[in-house]
Amino acid sequence: NYDQRPWSKVDRRLVGVCGLANSGNSCYMNAVLQCLFSTVPLVEHLLSSHKRSQLAKRNSPVAGVFVQLLQEVWQGQGGTTSPGEVRALVSSLHPQFNNQSQQDAQELLLLLLNALHDDLKNKGERRQTRSSQRLCLGRKSLSSAPAAGDSTVVTRLFEGQLSYQMLCLRCDGHSHSNQVFTILSLPIPLDSYKCSLQDCLSLFFQQSTLTCGDQKLCPECGVKRDTAVLTSMAKPPEILVLHLKRFGCHGSEKRKLRTNVLFSLDSLDLTPFMSSPSANHTSYSLYAVVNHTGDLDMGHYTALCHSTMSSSWHHFDDTAVSEVMDFLVQSPNAYILLYSRQPFHRPGSDPPQAQHTPDLTQHRPKTYPVPGSN
């Protein structure tokens, strides 16, 4: 519902395509913002007249500044604008961003989703940081489900749920836990020049054994024991955000993995990683990428985003914006991938019919190691 957009005065192909000024090593923020601006369901919700009317009546500093910038991008005709107010607000909320140093785009993306969620919750609810609850950076951390009434457009779009099946290797006792997430942080195979995104997903979801300091409390034994853990996807999100773990340490040396991760643009299938057979559509289409070039300390972020208005991809390098061919989206610089479970429609048009896949008769087997085996 874009009742205030002067459609007759703008080139629709340029709507939502706008460069962002760099205010000093802020390329990480510009790349993340471009990806969020290309998330059409989020844009439609926040720019609807109903939601803007709600935000005008309440104290919503984060959502207010974000929506203001969103309006400039989606109600303009190309050109550039400055995200200065967003950066100032983020810096005031989190001091780690209050400098001219390069920051991690993945950390900023999580922060913005957390802040938007907190701002959009029903007034009167206690504000809280969601990062410990909603982000999955590894398969070993468990957390509880969100509180009732905590739903916002952020959770409806970006939140999924992981399932953990655990087996005590001493008594064979079974237990189960779920964890909500907004970002899956995927390991990359080491010492590999090239791999597929499915390889990274398989590493994330592969069975693991928790020992030593990572042992889990066994309800049957009453003490911590070595535990076999099988991770699967219990509930796939509408928007799947995948973070490739390129940055790490090799001993005391920081390093970046430059592995070329090959990813699909239109048929990423999560079926092999689902907890149980499902008729729900679990194939995803790529719509945005955050790229990182250079090293940890001397790097640069850009974004590639698909426009629903022009049905083409655009490369965003701060204020420089250019249309690119589909085959140029694949790159060894990919750092964050954003996939949509349903194809985006043009804002203001009727959404496409939901897609369905037949019931699956088989699903990934749940296997555990034999206690005492290597």
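Between Asp119 and Ser60, the closest heavy-atom pair is OD2-C, 3.0 Å. Scanning both residues, Val321 and Val17, for their nearest heavy atoms gives CG1-CG1, 3.6 Å. Minimum interatomic distance between Phe205 and Met233 (heavy atoms only, all atoms of both residues): CE2-N, 3.8 Å. Closest of all the heavy-atom pairs between Thr211 and Asp226 is CA-OD1, 3.5 Å. Nearest heavy-atom pair across Leu70 and Leu46 is CD2-CB, 4.0 Å. Residues Ala63 and Leu55 approach most closely at CB-CD2, 4.0 Å, considering heavy atoms.
Taken to the nearest 0.5 Å, the NE2 atom of His292 stands 9.5 Å off from the NE2 atom of His300. Interatomic distance, Arg341 CZ to Leu157 CG, rounded to the nearest 0.5 Å: 11.0 Å. The distance from the CG atom of Leu36 to the CG atom of Leu108 is 8.5 Å, given to the nearest 0.5 Å. Interatomic distance, CG of Leu33 versus CG of Leu20, reported as 6.0 Å (0.5 Å rounding).
A distance-only check finds a donor-acceptor pair linking the side chain of Gln330 to the backbone of Phe263 [under 3.5 Å]. Remark: side-chain polar atoms of Asp118 are not paired, donor with acceptor, to backbone N or O of Ala115 under 3.5 angstrom. In this structure, the side chain of Asp317 does not engage the main chain of Thr302 through any donor-acceptor pair within 3.5 Å. Using a distance-only test at 3.5 Å, with no hydrogens or angles considered, no donor-acceptor pair links the side chain of Thr39 to the main chain of Leu42. For Arg87 (side chain) and Ser23 (main-chain N/O), a donor-acceptor pair under 3.5 Å exists by modelled atom type. In this structure, Lys121 contributes its side chain and Ser151 its backbone to no donor-acceptor pair below 3.5 Å. In terms of modelled atom types and a separation under 3.5 Å, the side chain of Thr259 and the main chain of Val261 share no donor-acceptor contact. No side-chain donor-acceptor contact under 3.5 Å links Arg225 to the backbone of Cys218. Listed for the Ser38 side chain is a donor-acceptor partner under 3.5 Å among the backbone atoms of Gln34. With hydrogens and angles disregarded, a donor-acceptor distance shorter than 3.5 Å links the side chain of His174 to the backbone of Asp172.
Residues Asn291 and Asn333 have side chains that never bring a donor and an acceptor to within less than 3.5 angstrom of each other. For the 3.5 Å distance criterion, the side chains of Thr81 and Glu72 qualify, holding a donor opposite an acceptor.
In this structure the side chain of Leu262 never reaches within 4.5 angstrom of the side chain of Asp199, judged on heavy atoms. A 4.5 Å side-chain heavy-atom check between Leu328 and His315 finds every atom pair outside the cut-off. Two residues are said to be in side-chain contact when any heavy atoms from C-beta on lie closer than 4.5 Å; Tyr284 and Pro237 meet this criterion. Contact of the Met274 side chain with the Pro236 side chain is registered, since non-hydrogen atoms from C-beta on lie closer than 4.5 Å. Looking at heavy atoms from C-beta onward, Ile183 lies in side-chain contact with His243 at the 4.5 angstrom threshold. Annotation: side chain of Leu270 is in contact with side chain of Leu240 (closest heavy-atom distance under 4.5 Å). Contact check for Glu323 versus Ser312: side-chain heavy atoms found under the 4.5 Å cut-off. Counting only heavy atoms from C-beta outward, the side chains of Leu201 and Leu186 approach each other to under 4.5 Å.
Electrostatic pairing of Asp295 and Arg258 counts as a salt bridge here, judged by a charged N lying under 4.0 Å from a carboxylate O.
The aromatic ring centres of Tyr339 and Tyr287 sit 6.0 Å or more apart. Aromatic rings of Phe247 and Tyr335 (six-membered ring for Trp) have centroids within the 6.0 Å cut-off, being under it. In this structure, Tyr301 has its ring center no closer than 6.0 Å to that of Phe316.
Aromatic ring pairs are classed by plane angle as parallel below 30°, tilted from 30° to 60° and perpendicular above 60°; the pair Phe97 and His94 is perpendicular.
More than 12 heavy atoms of other residues, nucleotides or ligands sit less than 6.0 Å from atom NZ of Lys256. For Lys51, the NZ atom counts as densely surrounded, since its 6.0 Å shell holds more than 12 non-hydrogen atoms of other residues, nucleotides or ligands.
When the side chains of ILVMFWY residues are joined at heavy-atom separations under 4.5 Å, either directly or via intervening members, Leu337 and Phe327 end up in a single hydrophobic cluster.
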Worksheet item: Taking it one step at a time, do His117 and Thr152 satisfy side chain to side chain donor-acceptor pair (under 3.5 Å)?
Response: CA-CA 6 Å; His117 167 76; Thr152 67; 3.0 Å; yes
